[in-house]
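Working notes, beginning with the structure itself.
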Amino acid sequence: MASDVALYVGEALAKYGFPEGHPFSIDRQGAFLGEAKKQGLERKVCVRAPRGATREELLRFHHDEHVDLVETRSREGSGYLDYGDTPAFPGVFEAGSSIVGTAVEGLDCIMQGHIRMTFQPVGGMHHSQRHCAAGFCVFNDIGVVIDTLRQKYGIQRIGYVDMDVHHGDGVFYSYESDPELISVDIHEDGNYLYPGTGHAHEAGKDQAKGTKLNIPMQPGAGDREFAAAWERAEDHLRRHKPEFLIMQAGADGLAGDPLADLRYTPAVHAQATRSLRRLAEDTAQGRMMVFGGGGYDLNNIAAAWTAVLRELVAG
Ligand SMILES: [Zn+2]
């Protein structure tokens with residue numbers, strides 16, 4: 001039987017990385033892929049190639065001015081796309097666009113019924129907002145997927161789960177007043193870590209009140225604390241019955257990440273993926289997209305993301 005999981009990897013995605021010792025380096029995809037091959041996982045999935053996004057696809061979520069700015073800076077090959085976290089480099093437009101185009105390709109494949117789940121390790125650019133880049137994120141592939149689901153496929157009620165150690169502010173604030181975006185974000189407390197947002201009282205605005213769940217974790221929190229948070233996360237999602245699931249599986253919450261202070265093991269990635277896969281089968285016809293997100297220790301990336309993929313392909 002053909003696999004119902006597609007893995008999106010390729011050179012265009014590997015090129016998404018910043019030069020000169022930046023923590024978001026270009027070898028992240030390779031670190032994951034080496035370990036995935038060692039475990040024989042690539043034989044259990046359909047391996048698919050990336051593609052660039054069209055301008056129309058970028059504009060489903062982003063403002064014109066932002067797309068123009070990235071295009072210009074990419075040609076110039078220098079300067080910053082934000083206030084100092086996200087440098088421009090020659091080709092940054094194409095690299096950012098590949099993440100979005102590939103995500104849309106994966107979504108289209110799911111909606112056409114060819115596969116049910118995707119994993120795109122280089123993706124999950126959750127800090128980028130409609131009008132700007134931020135926190136190493138040039139274009140927000142998750143936002144484009146959400147807006148494509150609405151505009152092209154008429155799917156409104158979408159579950160978004162973000163376990164990256166940083167709060168997914170670009171996604172959260174874009175849909176803060178949207179009652180159909182059901183979100184859970186488990187991250188290190190904003191009092192200690194970038195971007196400083198995602199407090200427990202931020203539960204959605206106006207008619208969306210109660211549709212968002214932010215769970216800040218204290219520095220040093222590990223698997224036991226995650227398991228408690230996950231119980232609330234699963235409850236919240238099941239109550240709202242999402243028709244489609246998106247997961248951002250950042251590996252930067254694992255012990256030893258150079259940018260953060262949590263102490264998870266890859267068991268949390270396995271637990272979250274297993275639980276979401278079941279939920280997707282119950283409420284979303286099995287439809288689920290997973291994006292790699294952050295993670296700045298290459299061994300941690302390899303361990304966390306292969307744990308995700310093992311659960312996706314588990315019979
Ligand atoms: Zn992160």
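Counting starts at 1 for both ligands and their atoms, following the listed order.
For the 3.5 Å distance criterion, the side chains of Y173 and E202 qualify, holding a donor opposite an acceptor. Counting only N and O atoms by type, the side chains of D169 and H167 include no donor and acceptor under 3.5 Å apart.
Between H187 and M217, the closest side-chain pair of non-hydrogen atoms is not below 4.5 Å.
The atom of H166 that is an N, O or S and sits closest to the Zn ion (ligand 1) is ND1. Its N, O or S atom nearest to the Zn ion (ligand 1) is what matters here, and for D164 that atom is OD1. When distances from the Zn ion (ligand 1) to the N, O or S atoms of D252 are compared, OD2 comes out shortest.
Two rings, from F18 and F89, have their centers less than 6.0 Å apart.
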